[in-house]
Chemist: 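Can you keep this structure in mind? I'll have questions shortly.
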Amino acid sequence: MHANNRRLTGALLIGLASLLLLPWYSLEAGFFDGGWLFNLWRDPANAPALWQVSSHPWLAIALTLFALCAACGLLPSGARSRLMLLFSALGVIFLVIEGHAIGYSGWSWLWLENRFGALEQGQPAMGAGALLLMTTFLLLFSFALAERGVLKGDAFVVASLVLLTALVSIFVLYPVLSMFVVSVQDVDGSFKPDGLISNIQDPSIWSLACLKGGTCGTAWRTLWLALMTASGSTLLGLAFALAATRTPLPCKKALRMLTILPIITPPFVIGLALILLFGRSGVVTEYLAALFGIEPGRWLYGLTGIWIAQVLSFTPIAFLVLIGVVEGVSPSLEEASQTLRANRWRTFSRISLPLMAPGLANAFLISFIESMADFGNPMVLGGSHGVLSTEIFFSVVGAQNDPSRAAVLAMILLSFTLAAFVLQRWWLGGKNFATVTGKGDGGKHGQLPRLLRYGVYGMVIPWGLFTLVIYGMIVVGGFVQSWGLNDALTVEHYVRAFRVSSSDGHLLWTGVAWNSFWTTLEIALIAAPLTAIVGLLTAWLIVRQKFAGRQTFEFLLMLSFAIPGTVIGVSYVMAYNLPPLEITGTALILIACFVFRNMPVGVRGGIAAMSQLDKSLDEASLTLGANSFRTLRKVVLPLLKPAISAALVYAFVRAITSISAVIFLVSAQYNMATSYIVGLVENGEYGVAIAYSTVLIVVMLLIIGVFQWLVGERKLRRVARPVDIAVPSTSTSLTQERTV
């Protein structure tokens, strides 16, 4: 009871601070500018809720509900929890409704104005005070649930679950629903489905003229490209995984490094390298023209060029998904098959390959979604062959300025990816592919059949050499004056991008790339730890806690992975460009996008790692009096260092290299590196773009090394002590003790 009172007092103090010490509405200069600290109670624009009540009387309802929650603290525990559940839930509902119903000019919906009359004054978007009070109501709701015995009365678990559900609703479900609403809205916000109907019926989207030798519609062109890319990436990823585990191919470590390198490369840089090789002024093009008199063509600028660039970009992801699955097939099963006189080909096709089905399905799905969402490669190589992602971009920022069309195109894109996501889960559901048991398995994976091995070599070796050539062009391209026009070597591109000068003893960052470079690093370094924290906390809840709707909760979290980045970007613009939460153009919208876009990878990695930890570790800590938060911090997290490192690295790299969502969310103040490089490409400044990308790759490698050094390694050791009862240590290493 004492702990309950302490938690309740802390939450009420947070709520009181939100009403008295923080600006209730959003600020033009931004919350972190700090100027509001000096005129909080003097400037109405910066005023807290207690001041705002005089001009915005509806806020009195929120104040009253908070006061009622505070009064509940004086009641006996049974009545207190019931009433606090009611008042805190009403507080959340009221803040959500009034935030949507009242905008800058008054009522947001015409029927409210007809019912209640016009308002004398509207309201801006929610600020720090309103958001903190919303958080307070959610905490009070969680504590009341815990007091009523939900999840064994563990307040930390209940609060984590409630807050994560709220965050997923705000940053995953709400933007997608807002996109659907915009598709049937007129410019003034009134219901008008004409735009939805006309865009859905647009022949340029659904045309099947390609069957008669014409040009396919954008939707079918995008779907065909995604299927081809997913097939090519999965096949090559499997070939690389087999070469690394089932063949005597030398230099396997170098092969693994080569397959991982494209992951830390900005996505459109590969497209640039292809232009330097096969463009109209490319090395290969000019060589063929000089040797055979072949006229330079534009074959690269279309679906063929996009497909090559996407397969180069996404094969490493497929390889990383498949390598663990290929290694995980039990050698004893293959040996048993051969003992029963099956040859190598029959063993591989009937035993090994079917057991790789989950990895193949996941690799195909990830490559399919990545291709659907890809913006950089189609932007660089697409030419007149637009895909859904580029068409959405031009509908939002181009001369069309048609948000309804952008919403419709995003809905089509989302329907394709969700269909693939559901089909994959349906196909794998109910099937068992387990090959690793608790029994020892000292066997060794057999070699591939000879023809298959040569086929793997025939794919892996040429593709590896081609990848080396591509990255060689990336390096050289940054030191060439003007590719195809002036091949003289120069460092001018690096100097122009990253020039540093001095004046009066002060360093001046005068290079054109510094502003976006520092902005990108700052946002990525903030987003990466948040992504890891949210992902691993979610994994801990899913694996260690039992609650109603756990599978639905996990599905909603993974749903954000199935939503293409292009759709995320468009939906964020449409959802957060107006009250109640107006964060478009700020750093917050970029951070939120990165966290909830990349979180599913951290969740899956955390679930896999946590499933290997025996629950008795948690139970022993709880038995010894530690609460769930201390158990998580002292026992579980130190044993999850590999998962933490993987989540940090993935989140950081994706924040640096992401383009499909970022292109819609950047602003003049917060311009990310990828969008800045796209601008350089559009202006024909290929040398500066490649120089900037090369520096980003080097910086990412350095920071990845720093992350791994900071997290450290998990160490498992065995210590013998003369004790009768083994108690797991809560230090940073797992101690397995035994009686002697």
Side-chain angles (χ1 to χ4, degrees), residues 257-258 260-287 300-301 305 308-309 312-313 316 375-377 379-381 464-501 509-521 524 652-653 655-659 662-663 671-705:
M257 287 298 299
L258 188 64
I260 292 173
L261 189 59
I263 294 177
I264 61 172
T265 304
F268 41 80
V269 173
I270 291 177
L272 282 179
L274 290 174
I275 291 175
L276 298 181
L277 278 173
F278 304 109
R280 292 181 63 84
S281 300
V283 175
V284 176
T285 304
E286 290 189 340
Y287 178 77
L300 183 67
Y301 301 97
I308 295 173
L312 273 167
S313 301
F375 175 82
N377 291 315
M379 189 72 175
V380 173
L381 298 170
L465 294 175
F466 182 52
T467 303
L468 283 177
V469 172
I470 288 291
Y471 278 89
M473 298 304 298
I474 292 174
V475 174
V476 174
F479 293 99
V480 174
Q481 186 72 40
S482 180
W483 200 271
L485 300 175
N486 183 356
D487 294 337
L489 296 179
T490 179
V491 294
E492 177 60 29
H493 302 311
Y494 286 90
V495 172
R496 183 166 182 266
F498 297 101
R499 179 184 290 113
V500 178
S501 57
W509 310 93
T510 54
V512 296
W514 281 120
N515 185 37
S516 67
F517 177 79
W518 293 125
T519 300
T520 302
L521 276 186
F652 177 76
V653 169
I656 295 284
T657 60
S658 177
I659 182 62
V662 165
I663 196 70
N671 193 11
M672 298 291 287
T674 47
S675 63
Y676 185 79
I677 296 175
V678 166
L680 292 173
V681 173
E682 290 178 340
N683 294 330
E685 299 185 59
Y686 293 162
V688 180
I690 292 177
Y692 193 178
S693 302
T694 305
V695 171
L696 281 180
I697 292 172
V698 173
V699 170
M700 278 189 281
L701 288 173
L702 291 175
I703 294 182
I704 287 171

Chemist: Show the nearest heavy-atom pair for residues Arg499 and Trp514, with the distance to one decimal.
Modeler: O-NE1, 3.0 Å

Chemist: Looking at every heavy atom in both Ile663 and Ser675, which two are closest together, and how far apart are they?
Modeler: CD1-CB, 3.9 Å

Chemist: Would you check if Ile677 and Leu696 make a side-chain contact, meaning some heavy-atom pair closer than 4.5 Å?
Modeler: yes

Chemist: Enumerate the residue pairs fulfilling side-chain hydrogen bond (donor to acceptor under 3.5 Å, both in side chains) with a member in residues 694-704, sequence neighbours excluded, ordered by first and then second residue.
Modeler: none

Chemist: If you take all heavy atoms of Ile656 and Ala524, which pair is closest and at what distance?
Modeler: CD1-CB, 3.9 Å

Chemist: Measuring from Gln481:CD to His493:NE2, what's the distance to the nearest 0.5 Å?
Modeler: 5.5 Å

Chemist: Kindly compute the distance separating CE (Met700) from CG (Leu521), expressed to the nearest 0.5 Å.
Modeler: 9.5 Å

Chemist: Determine whether Val469 and Leu465 satisfy the following criterion, side-chain contact (heavy atoms from CB on, under 4.5 Å), listing intermediate values before the conclusion.
Modeler: CA-CA 6 Å; Val469 172; Leu465 294 175; 5.6 Å; no

Chemist: Take Ile474 and Leu272 through the test side-chain contact (heavy atoms from CB on, under 4.5 Å) and record every step on the way to the result.
Modeler: CA-CA 8 Å; Ile474 292 174; Leu272 282 179; over 6 Å; no

Chemist: Could you name each residue pair satisfying salt bridge (charged side-chain N to carboxylate O under 4.0 Å, His left out) that touches residues 674-694, not counting sequence neighbours?
Modeler: Arg496-Glu685

Chemist: Counting distance only, does the side-chain N/O of Ser516 pair as donor-acceptor with the main-chain N or O of Asn671 below 3.5 Å?
Modeler: no

Chemist: Let me know which of Val699, Ile704, Thr657 forms a side-chain contact (heavy atoms from CB on, under 4.5 Å) with Ile264.
Modeler: Ile704

Chemist: To the nearest 0.5 Å, how far apart are CD1 in Ile697 and CG in Leu701?
Modeler: 7.5 Å

Chemist: Between Thr510 and Ser501, which heavy-atom pair has the shortest distance, and what is it?
Modeler: CG2-OG, 3.3 Å

Chemist: Considering only heavy atoms from C-beta outward, does the side chain of Ile275 approach that of Tyr301 to under 4.5 Å?
Modeler: yes

Chemist: Does one side chain, of Thr520 or Tyr676, offer a donor that lies under 3.5 Å from an acceptor on the other?
Modeler: no

Chemist: I need the minimum non-hydrogen distance between Leu381 and Ala309, along with the two atoms involved.
Modeler: CD1-CB, 3.8 Å

Chemist: Could you give me the CA-CA distance, side-chain angles and deciding distance for Thr265 and Tyr471, then say whether side-chain contact (heavy atoms from CB on, under 4.5 Å) is met?
Modeler: CA-CA 10 Å; Thr265 304; Tyr471 278 89; 2.8 Å; yes

Chemist: Using modelled atom types only, decide if a donor and an acceptor are shared between the side chain of Tyr692 and the backbone of Phe517 within a distance under 3.5 Å.
Modeler: yes

Chemist: Do other residues, nucleotides or ligands put more than 12 heavy atoms under 6.0 Å from the CZ atom of Phe466?
Modeler: yes

Chemist: Identify the heavy atoms of Ser313 and Asn377 that sit nearest to each other, and give their distance.
Modeler: OG-ND2, 3.5 Å

Chemist: Heavy atoms, side chains only, cut-off 4.5 Å: are Thr674 and Phe375 in contact?
Modeler: no

Chemist: Could you check Leu276 against Val476 for side-chain contact (heavy atoms from CB on, under 4.5 Å), going step by step and ending with a plain yes or no?
Modeler: CA-CA 10 Å; Leu276 298 181; Val476 174; over 6 Å; no

Chemist: Can you check whether Val491 reaches Phe479 side chain to side chain, under 4.5 Å on heavy atoms?
Modeler: yes

